[in-house]
Amino acid sequence: MALCIDTETTVVDAISASMIDVFSMMVGEEVVATAQHPLASSAFSNATHENALTIVMGFSGDLVGSLCLCLPEKAALRWAELLIEHQSTEIDQVVVDAASELANIIVGGVKRRLSDYQVTMSLPSAIRAGESSLVFASNILPIQVGYRFCNCDLSIVVALVRAPA
Amino acid sequence: MKVLLVDDSGVMRKIIARGLNSLWIDQVVEAADGVEALAAFGDGEGFDLVLTDWNMPNMNGLELVQAIRGAGHRLPIMMVTTETEKTQVLKAIQAGVNDYLVKPFDQEMLQLKLERVLPKPQSV
């Protein structure tokens, strides 16, 4: 089951607008969208461990599912450095907390922009895994949206469906 | 001037405290939830402002505001949150919140909001 094209466009536009806001206001940096495509359905058989971090935020209400912020190590470390001047060579608890806060604020901005939908967000959950390790139930058709900031790539996986009427 | 800063995110507390310390705030007392905040607040002596997140474990920001106002304290309270849904905002105002700082925010917005609830002392 996929979001209808209008809803998908609305959600992705809300994500991109929120990303731009967060990066410009919190750390004074530009972020640009790089790509958008369905998440590879072969993820289940090709799941690999990556030195990366994924923050999952659940949605309930009119839209059900999750948004997953996928940060390769470089992006996670850079974000923590920009946000709170935390210098680290590996993903530690502070980096996880900074990434969780990034996801929280992005999704908060998405929720504000989806004013036609009644949605509730969960608290963020952090997973030490990359986007290729994400798998979803077969009735979900996730979309992956790529972004770049400060020569670092990250992506957001949108795995949402309209709640049954 | 002394501020009570309440947020379960250590990252957000660091960001906001850094912002406050670069303005006219002399002391920032931090707490990770409403229960810790009330313990730190005590009888409110010396505090000029409370900055609180909404969603926190043990006691959330709304409950904290209700507790502070229920005890008769009239100092300004500002909510720092991503929550802007109308019914939630109304709840906060009814509880006694003076203003909102919506995430994301930059230093300029923090200063603007601070000026509205806790103007810079003339001597600074």
Side-chain angles (χ1 to χ4, degrees), chain A residues 14-15 17-29 31 53 55 57-59 61-62 67 76 79-88 92-124 126 149, chain B residues 5-23 28 30-34 51-63 78-92 97 99-114:
Chain A
I15 293 170
S18 187
M19 287 282 287
I20 290 169
D21 256 2
V22 173
F23 276 83
S24 71
M25 295 196 82
M26 301 296 289
V27 298
E29 293 291 342
V31 63
L53 185 59
I55 310 296
M57 294 201 65
F59 270 58
D62 292 343
L67 285 187
W79 169 252
E81 186 183 11
L82 288 171
L83 188 66
I84 50 172
E85 294 163 352
H86 178 70
Q87 306 257 346
S88 177
D92 56 22
Q93 187 62 56
V94 176
V95 175
V96 171
D97 290 347
S100 297
E101 194 58 49
L102 172 61
N104 189 43
I105 302 174
I106 289 169
V107 173
V110 170
K111 186 186 168 188
R112 279 199 302 280
R113 289 168 173 84
L114 297 179
S115 54
D116 290 342
Y117 300 89
Q118 291 288 322
V119 292
T120 304
M121 300 150 25
S122 72
L123 293 175
F149 75 99
Chain B
L5 172 60
V6 194
D7 200 312
D8 60 332
S9 165
V11 167
M12 279 314 301
R13 291 201 309 270
K14 188 165 184 173
I15 293 167
I16 298 171
R18 181 181 63 196
L20 293 174
N21 287 327
S22 71
L23 298 171
V28 178
E30 297 184 29
D33 60 42
L51 271 173
T52 180
D53 185 18
W54 189 305
N55 293 313
M56 296 181 292
N58 300 323
M59 179 188 283
N60 66 36
L62 190 68
E63 291 164 337
M78 184 150 58
M79 207 72 125
V80 183
T81 181
T82 58
E83 183 63 68
T84 57
E85 203 265 316
K86 185 180 170 184
T87 52
Q88 298 294 83
V89 172
L90 284 174
K91 272 188 205 173
V97 167
D99 208 339
Y100 250 60
L101 179 62
V102 178
K103 302 178 202 176
F105 58 88
D106 54 16
Q107 182 67 15
E108 186 180 349
M109 182 58 72
L110 176 63
Q111 180 168 346
L112 192 71
K113 290 286 183 173
L114 196 66

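To find a chain, count down the sequence lines: A is the first, B the second, and so on, and within it residues start at 1.
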Which donor-acceptor pairs lie under 3.5 Å between chain B and chain A?
residue	atom	partner	partner atom	Å
B/S9	OG	A/E101	OE1	2.9
B/R18	NH1	A/L83	O	3.4
B/R18	NH2	A/L83	O	3.2
B/T82	O	A/R112	NH1	3.3
B/E83	OE1	A/K111	NZ	3.4
B/K103	O	A/R112	NH1	3.3
B/K103	O	A/R112	NH2	3.3
B/K103	NZ	A/E101	OE2	3.3

Of A/V27, A/I105, A/L123, A/V107, the largest count of non-hydrogen pairs under 4.5 angstrom with chain B goes to A/I105
A/M25 atom CE, over 12 foreign heavy atoms within 6.0 Å | yes
Which portion of A/L83 sits near chain B, non-hydrogen atoms under 4.5 angstrom | both
